[in-house]
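See structure below.
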Amino acid sequence: MLHALPGPVQGAIMGLLLAVNTVFWATPLYVVVLIKLITPWRGGRETLSRLAAAIAQTWSHFNVFFSSTCQRIEWDVRIGVDLDRKGQYLVCSNHQTWNDIFVLMRAFDRRAPFFKFFLKQELIWVPVLGLAWWGLDYPFMKRSTPDQIKKNPALKGKDLETTRRACEKFRNQPVMILNFLEGTRFTKTKQVNQKAPYHHLLRPKAGGFAFALEAMGDKLHDLVDVTIAYPDGAMGFWDFLCGKMTRVIVDVRRLQLPDGMLDALVRGDYEESNDFRKQFQFWIGDLWKQKDQRIAQMLGLPPPVYAAPVA
């Protein structure tokens, strides 16, 4: 519908539609959040959390509807997992742009519970969305730099403790916990600075994923691996609104942990055993190598050649 209009006009109209949709659904969400704040019993708060998630799911569905109606995007969504809107899933994904969030909305629209992910603490100040994320139990994390930890050793492990507490909240409700293992959006500059051995990815961070598995392991229906590729290159959100993002490929598949690994994680071996921690990190590294190769295949590029063994 909008594709015949100049890009900036498309962007303004799409931006307005998404903004109006956000404000509209934020109103009932805030009402639920306020009631949740004054509800003293846990069962009532969990019921209100489910209601808040249903409102967020509807908001997400209308965002997808507006994009499908107004934009021309060629979607190639390959889902190899049986999903249930009442299930509990832990998802890992690569991360290239803010548009990844919209892509995940489109890929899982009404197929699975509304996803939740870990946010930088600064994002709580984002207008409208910040309070909504807080009300939806999104965990806000304040990452400490190595220098800060050196000056104050008590900061070490705070992020992982936040992960554990957040996942405990999700144990009795449908949820899809999304984890961007790279911790930040991919850029070539970051890749070079990290000396990442992969061609299309940054180094994965295993700790948060391990602690989410520890907290949720006996409740999870499935572990899910998501790979997102943009054949025309990753773009900014404004470019997406202006209709410049025309092709997206999403590959969704089940993750299989090695025998005994989940039991070890639930026991807390990731914290207590250096050998097991190395084993888990090696498994994550191998998973990331496979994802790196998959992205190259999705983009129609030659298989990556690595200078040294990876994983």
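Bear in mind the structure is a predicted one, so any value in this text is a computation, not a measurement.
Within the 4.5 Å cutoff, the side chain of Glu214 has heavy atoms near those of the Phe211 side chain. Residues Tyr89 and Leu220 fail the side-chain proximity criterion, which asks for heavy atoms closer than 4.5 Å. Using a 4.5 Å heavy-atom threshold, the side chains of Val91 and Ile177 count as separate. Side-chain contact between Arg110 and His61 is present, with at least one heavy-atom pair separated by less than 4.5 Å. At least one side-chain heavy atom of Leu255 sits under 4.5 Å from a side-chain heavy atom of Trp283.
The closest donor-acceptor contact from the side chain of Asp84 to the backbone of Lys86 lies under 3.5 Å. With hydrogens and angles disregarded, a donor-acceptor distance shorter than 3.5 Å links the side chain of Gln57 to the backbone of Ala112. With hydrogens and angles ignored, the 3.5 Å screen pairs no side-chain donor or acceptor of Trp288 with any backbone N or O of Tyr198. Distance alone, capped at 3.5 Å, is enough to place a donor-acceptor pair between the Arg203 side chain and the Lys195 backbone. Side-chain atoms of His95 never come within 3.5 Å of backbone atoms of Arg185 as a donor-acceptor pair (strictly under, hydrogens ignored). Looking only at distances, no side-chain donor or acceptor of Gln173 sits under 3.5 Å from a matching main-chain atom of Glu46. Asp100 places a side-chain N or O within 3.5 Å of a backbone atom of Thr97 that can act as its donor or acceptor partner. Using modelled atom types, one side-chain atom of Asn21 and one backbone atom of Trp59 make a donor-acceptor pair closer than 3.5 Å. At distances below 3.5 Å, not a single donor-acceptor pair connects side-chain atoms of Gln191 with backbone N or O atoms of Phe186. Judged purely by atom type and a 3.5 angstrom limit, Ser273 has no side-chain atom pairing as donor or acceptor with the backbone of Asp269.
Within the structure, every pair that satisfies the ring-ring contact (aromatic ring centres under 6.0 Å, His included) test and touches residues 239-262, not counting sequence neighbours, is listed here: Phe102-Phe240, Phe237-Phe240.
Between Met245 atom CE and Asp232 atom CG the span is 10.0 Å, to the nearest 0.5 Å. In this structure, the separation between OG on Ser68 and CG on Asp109 is 8.0 Å, given to the nearest 0.5 Å. Annotation: the span from Lys205 atom NZ to Leu181 atom CG amounts to 10.0 Å, rounded to 0.5 Å. Distance check, rounded to the nearest 0.5 Å: CG of Leu202 to CD of Glu182 gives 4.5 Å. In this structure, Met176 CE and Leu83 CG are separated by 5.5 Å, a value rounded to the nearest 0.5 Å. Atom-to-atom distance recorded for Thr47:OG1 and Lys36:NZ is 11.0 Å, nearest 0.5 angstrom.
Shown here for Gly236 and Asn99, the closest heavy-atom pair between the two residues is O-ND2, 3.2 Å. Here the closest non-hydrogen pair linking Tyr138 and Phe117 is CD2-O, 3.4 Å. Between Cys70 and Leu17, the shortest heavy-atom distance links the atoms SG-CD1, 4.0 Å. The two residues Ser93 and Ile228 make their nearest non-hydrogen contact at OG-CD1, 3.9 Å.
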Going through the distances and angles, do Arg78 and Asp76 end up as a salt bridge (Lys or Arg N to Asp or Glu O under 4.0 Å)?
CA-CA 6 Å; Arg78 311 163 185 176; Asp76 183 357; 2.8 Å; yes
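Taking the ring axis of Trp75 as reference, the NZ or CZ atom of Arg106 stays within 45° of it and closer than 6.0 Å to the ring centre.
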